[in-house]
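Worksheet: one structure, shown below.
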Amino acid sequence: MAPPWRIREVLNRAETGPLCLERDFDLRVLYPKIQEVIKEYDIRFDPENVVPTDGSLADDLWRAGLDLYLHTGTLCISTHRRILFDEGEIREPMSLFPEKLVVGTGNESREVYRRRIEDVRRPFCVFSPSLPFSEELFSAVEMAYAQEPLADGVGAGVLEELRGERVRAKSPTDVSAAAAHALMIREAARRVGRPGIYLADVQSALSDTAQISVSNPQWGVRTTDGRMVGTIAELKMDYGGLNRMVNFHNNGYIVMALFGPMVGGYGGGVEGTALVSVASHLQGLMVNQGHLDVFFPFHITHFCNTTRELLWLTSSVYQALSRNSPFLSLSNGIGAAGPCTKMVLYEAAAHGLVSTVSGGHLWEFFSARNRHKDRTTPVEARMACEVGFAAAKMRMKRECAREIANELLKKYEDKIKDAPLGKKFQECYNIKSITPTQEYMNLYRNVKKELIDLGIDFPY
Amino acid sequence: MSTGDLIRKLSQSVVEYDEEAAKKAAEEILRAGIDPLMAIEEGISPAARIVGEKFEKGEYFLPHLLLAAEAVKVASDILTAGLRMKDRLEMEAKGLGDVVIATVSGDIHDIGKNIVALLLSVNGFKIHDLGRDVESMAIVQRAIDVKADIIALSALMSTTLPSQREVIEILRAMGIRDRFIVMVGGGSTTKEWAEEINADGWAETAEKAVELAQSLIKGRR
């Protein structure tokens, strides 16, 4: 089984690979190769076709992404060395990659399985806020997410303050916040009757020191929970990430490779960023050494992934992966609008739908561009995952998903730039009973009715 | 080739992010005896603005910004070397100022900072980019060394915000706070945060950061 895959060899290459300055990597290694392979494989974004059905596009995208990664490798910015692999080396861990992975424990253990295009099985769903919350709200927010019936796993917020003091990355407060975070999410899961649920990462811990400090199954992170190793955009890594990777594997954790390629960034436009996305999954296996991938492409100025371009990218990349790789990848949605707006529910529905029919699992849902404190709730994630569940259960085809996604886009795409901020968590939830407000539930039901009219057959 | 043609050629090379063409155009301008100061003001500066606008509209991507900045640098260096001392001093006096820019300690996310640095650079600021995850004292020390006008601090992750405050606190403790304009930005920052830590300005986007830097410098002079 892999990963881990020859960790010592990877670390050695981070010390001995070809020397390369970061600017040269971005401009002379990555970008020209992207242009070359886009041309060679004739990869083209089709705005009318947000859920493509052309298998050759998916296969070309896969091959082009593989060619790209074989050329660039990963730049280790701590050593300015490129970590390079040949195709045989990449094929080895791919061939040994498990068909499924068990996460969580007890009644809450779940299988994450290889998902196919138009798979009729329900996607694995992680519900996650991943935004800063005050210490007072933190546990309530975590309980709100963990109690969602469709949540197979749960992420958390970020503790911004601890006992009245601002948490500061790389300082002792970072380590203290990591411990508090680990304890509080376990307690929150138990309080909603789901003590074994998969707890996906300690997001409050920013430094590798703080992350490693909670590698203690007794009171900190259990080996049935997830640990994140992030990629630095695009296709880069540093010692901080490698330190985590080594520690997490040494302790037998489930490792998640995290990456968010940017449309408009170093990968260029949507086609180039799609190639970088495939390449990032390969890095996720070879360097981050992840069992799971968390994939959150976004637009460099819109900070969301519910635009027409990003939905096409998400669908194309998942189809490429599903047809050609064993990866277990979670599609992480980011909406432009904030909670308690119709728009955010349309965005969440579109993301959950397109990801599911294209072969992705779900990690939902960051609202208000993931930039505004307190502005996200489990209701948006519920919408994305209920739509994903429905699409799988009704055996939805990509053509049907494309039509529905187009209808949803008509409802919000002209508002992406000036999307409404919506409300804060504490305005959408009664924080004592930890239940959503009547106002938000009415809005939710109304949007669900619209989705039923568009052809989504919800099981409940 | 007429003066107008050569200036247009220079301008076009920047807009088309063509470093080699920019180098050639600048050399031809010097050989033709055209005033280098005029070439910078009428050739490079408007072209740089066009590049910024194209990025804002989504027509250009980050690599185009990086390449255009390289074209600007190579042409500016050639033309500046051809300036008479009097003109050079005049240009320096007209210059918008030196900016020390960094992503603060603990934060490795530097793309937002890179975009701001590039846009400031193509708009005439002299940039001292210290990179990502930079210790507060190193930022202050560099600002002192280069006699910076502006210190620009980026933070994406909320738990790295205290490092922005620390830079300002160090400046205050050293009794040199008034010597610098301090701008803050990044995904987790807000106007309220900037006010709380007594920064001089906050911008939500890279384009707004350029406008802010220009107006803060103007206000100071």
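Below, each value reflects all heavy atoms present in this structure, side chains not excepted, and no hydrogens, waters or symmetry copies. In what follows, chains are A, B, ... by sequence order, proteins preceding strands, each numbered from 1.
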All donor-acceptor atom pairs under 3.5 Å, backbone and side chain, chain B-chain A:
unit_1, atom_1, unit_2, atom_2, d
B:Leu62, N, A:Gly264, O, 2.9
B:His64, NE2, A:Tyr31, OH, 3.1
B:Glu70, OE1, A:Arg28, NH2, 2.8
B:Glu70, OE2, A:Arg23, NH1, 3.4
B:Glu70, OE2, A:Arg28, NH2, 3.1
B:Asn114, ND2, A:Tyr266, OH, 3.0
B:Arg132, NH1, A:Glu22, OE1, 3.1
B:Arg132, NH1, A:Glu22, OE2, 3.4
B:Arg132, NH2, A:Glu22, OE2, 2.6
B:Asp133, OD1, A:Lys170, NZ, 2.9
B:Asp133, OD2, A:Lys170, NZ, 3.4
B:Glu135, OE2, A:Lys170, NZ, 3.3
B:Thr159, O, A:Ala169, N, 2.7
B:Ser163, OG, A:Arg168, NE, 3.3
B:Glu166, OE1, A:Arg168, NH2, 2.8
B:Glu166, OE2, A:Arg168, NH1, 3.0
B:Glu166, OE2, A:Arg168, NH2, 3.4

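- Residue B:Leu156 does not touch chain A at all, counting heavy-atom pairs closer than 4.5 Å.
- Note that CD1 of A:Ile300 and CG of B:Leu62 are 5.0 Å apart. Values are rounded to the nearest 0.5 Å.
- Here A:Gly269 is the residue among A:Gly267, A:Gly269, A:Ala233, A:Gly240 with the most heavy-atom pairs under 4.5 Å with chain B.
- Remark: B:Asp178 CG is loosely packed, at most 12 non-hydrogen atoms of other residues, nucleotides or ligands lying under 6.0 Å away.
- Proximity to chain A is absent for every atom of B:Leu65, based on heavy atoms less than 4.5 angstrom apart.
- Counting heavy-atom pairs under 4.5 Å between each of B:Gly106, B:Gly112, B:Gly58, B:Ala206 and chain A puts B:Gly106 at the top.
- Residue contact with chain B, scored on non-hydrogen atoms closer than 4.5 Å, involves the backbone of A:Leu159 exclusively.
- Counting heavy-atom pairs under 4.5 Å between each of A:Leu131, A:Val158, A:Val263, A:Leu27 and chain B puts A:Leu27 at the top.
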